[in-house]
Amino acid sequence: MANLINKIKNSSFFGFALVGAINTGFSFIIYILLLRLDLYYIIASILSYIAGIAVSYLLNTRFVFKEEKTIGNFSKFVSVYLTALVINTGLLYALVNLIGFNPVLGQIGVTCLVLFYNYVLQKLWTFKKASS
C-alpha cells in the first residue's frame, strides 16, 4: 500500500493536479473578483483563465514536467490551454444558459472536466520528451 501511495505521489498526474489546484485557486479568486466588479461571467471566466495560463506554465515546467522554458513548449502549452478555454467557455455557457446552473458552481464542474483534457495533451504533446 505504501508503494502505491508513493507511486501516486511521484506521478506526473499527481503533480499536475496539485499545480492545477494552486492555479485553479488563483484563477478562481480572480474570477470571483471580476464577478464582484459586475463583469459578465463569460468575460470574467476568460480573463481569469488567461491569467492562470502564465502561472500554470511556470509551475508545470519547473515542478511537474521539469522542462526548460522554451518558445516551442510555451507555444504548445498555450495552444492546449486555449483550446481548453474554448471547451471551458462552451460548457460553462451551456450549463448556465441552457440548464440553469449557478455560474460559480458551473465553473467548478467544468474545471474538473477540463483538468483531464489538459493533462493528457500536456503530457503526450507539449512535454512529450520529458514524459518518455
Side-chain angles (χ1 to χ4, degrees):
M1 183 67 159
N3 189 25
L4 177 62
I5 292 171
N6 282 334
K7 200 172 195 176
I8 292 169
K9 282 177 24 183
N10 293 329
S11 77
S12 60
F13 182 77
F14 179 78
F16 188 82
L18 184 60
V19 164
I22 292 166
N23 183 57
T24 298
F26 171 78
S27 297
F28 201 69
I29 289 168
I30 291 173
Y31 178 68
I32 297 297
L33 290 173
L34 292 173
L35 287 178
R36 290 189 181 256
L37 293 173
D38 289 326
L39 212 58
Y40 182 59
Y41 74 93
I42 293 291
I43 302 297
S45 177
I46 291 169
L47 292 176
S48 64
Y49 199 89
I50 290 170
I53 289 174
V55 171
S56 183
Y57 178 73
L58 294 173
L59 294 175
N60 275 297
T61 53
R62 170 118 192 219
F63 298 111
V64 177
F65 298 107
K66 296 175 177 74
E67 279 281 314
E68 294 290 322
K69 293 168 190 69
T70 67
I71 295 297
N73 66 21
F74 179 74
S75 298
K76 288 179 178 179
F77 190 89
V78 170
S79 296
V80 170
Y81 269 87
L82 290 178
T83 60
L85 174 59
V86 170
I87 294 167
N88 182 89
T89 303
L91 289 174
L92 181 60
Y93 179 84
L95 286 174
V96 173
N97 289 35
L98 303 178
I99 299 174
F101 268 62
N102 172 286
V104 174
L105 295 177
Q107 185 64 63
I108 291 169
V110 168
T111 298
C112 292
L113 293 172
V114 173
L115 167 71
F116 293 103
Y117 170 84
N118 278 328
Y119 174 72
V120 168
L121 285 178
Q122 297 300 0
K123 182 176 176 80
L124 298 178
W125 185 53
T126 304
F127 299 111
K128 183 178 181 180
K129 184 176 133 191
S131 302
S132 313

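Closest of all the heavy-atom pairs between Phe26 and Ala51 is CE2-O, 3.8 Å. Residue Val64 comes nearest to Ser12 through the heavy atom pair CG1-O, 3.5 Å, listed as atom of the first residue, atom of the second, then distance. Between Leu115 and Phe13, the closest heavy-atom pair is CD2-CZ, 4.3 Å. Shown here for Gly106 and Leu92, the closest heavy-atom pair between the two residues is C-CD1, 3.7 Å. Across Thr126 and Gln122, no two heavy atoms sit closer than the pair OG1-OE1, 2.6 Å. Across all non-hydrogen atoms, the minimal contact from Ala84 to Val114 is CB-CG1, 3.6 Å.
Classification of the Tyr57-Phe127 ring pair by plane angle, with boundaries at 30° and 60°, yields parallel. Using bins of under 30°, 30° to 60° and over 60° for the plane-to-plane angle, the ring pair Phe65/Tyr119 lands in the parallel bin.
In this structure, CD1 on Ile87 lies 4.5 Å from OH on Tyr117, to the nearest 0.5 angstrom. Distance NZ/Lys123 to CG/Asn118: 14.5 Å, rounded to 0.5 Å. Of the inter-residue distances, the one linking Leu121 atom CG with Lys76 atom NZ reads 11.5 Å to the nearest 0.5 angstrom. If you take CG on Leu18 and CD1 on Ile22, they are separated by 4.5 Å, rounding to the nearest 0.5 Å. Here the OG atom belonging to Ser79 is positioned 11.5 Å from the CG atom belonging to Asn73, to the nearest 0.5 angstrom. Here the straight-line distance linking atom CD of Glu68 with atom OG1 of Thr61 works out to 9.0 Å at 0.5 Å rounding.
Linking ILVMFWY residues whenever their side-chain heavy atoms come closer than 4.5 Å, directly or via other members, places Ile99 and Val96 in the same cluster. Grouping the Ile, Leu, Val, Met, Phe, Trp and Tyr side chains by contacts below 4.5 angstrom, directly or via other members, places Ile29 apart from Ile108. Val110 and Val86 are assigned to two separate hydrophobic clusters, defined by single-linkage of ILVMFWY side chains at heavy-atom distances under 4.5 Å. Using a 4.5 Å cut-off between side-chain heavy atoms of Ile, Leu, Val, Met, Phe, Trp and Tyr, with links allowed through other members, Ile32 and Leu34 fall into the same hydrophobic cluster. Grouping the Ile, Leu, Val, Met, Phe, Trp and Tyr side chains by contacts below 4.5 angstrom, directly or via other members, places Tyr93 with Val104.
For the side-chain contact (heavy atoms from CB on, under 4.5 Å) test with Leu47, the passing option among Ile30, Ile42, Leu39 is Leu39; the others fail.
Within a 6.0 Å sphere centred on CZ of Phe116, heavy atoms belonging to other residues, nucleotides or ligands number 12 at most. The environment of CZ in Phe101 is sparse: at most 12 heavy-atom neighbours from other residues, nucleotides or ligands sit within 6.0 Å.
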Output, in order, the C-alpha distance, side-chain angles, deciding distance and verdict of side-chain hydrogen bond (donor to acceptor under 3.5 Å, both in side chains) for Tyr49 and Ser27.
CA-CA 6 Å; Tyr49 199 89; Ser27 297; over 6 Å; no
Working for side-chain hydrogen bond (donor to acceptor under 3.5 Å, both in side chains), residues Gln107 and Asn88:
CA-CA 8 Å; Gln107 185 64 63; Asn88 182 89; 3.0 Å; yes
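Contact annotation: the side chain of Ser56 approaches that of Tyr81 to within less than 4.5 Å [non-hydrogen atoms, C-beta and beyond].
In this structure, a donor-acceptor pair under 3.5 Å is absent between the side chains of Tyr31 and Ser45.
Distance alone, capped at 3.5 Å, places no donor-acceptor pair between the Asn23 side chain and the Val19 backbone.
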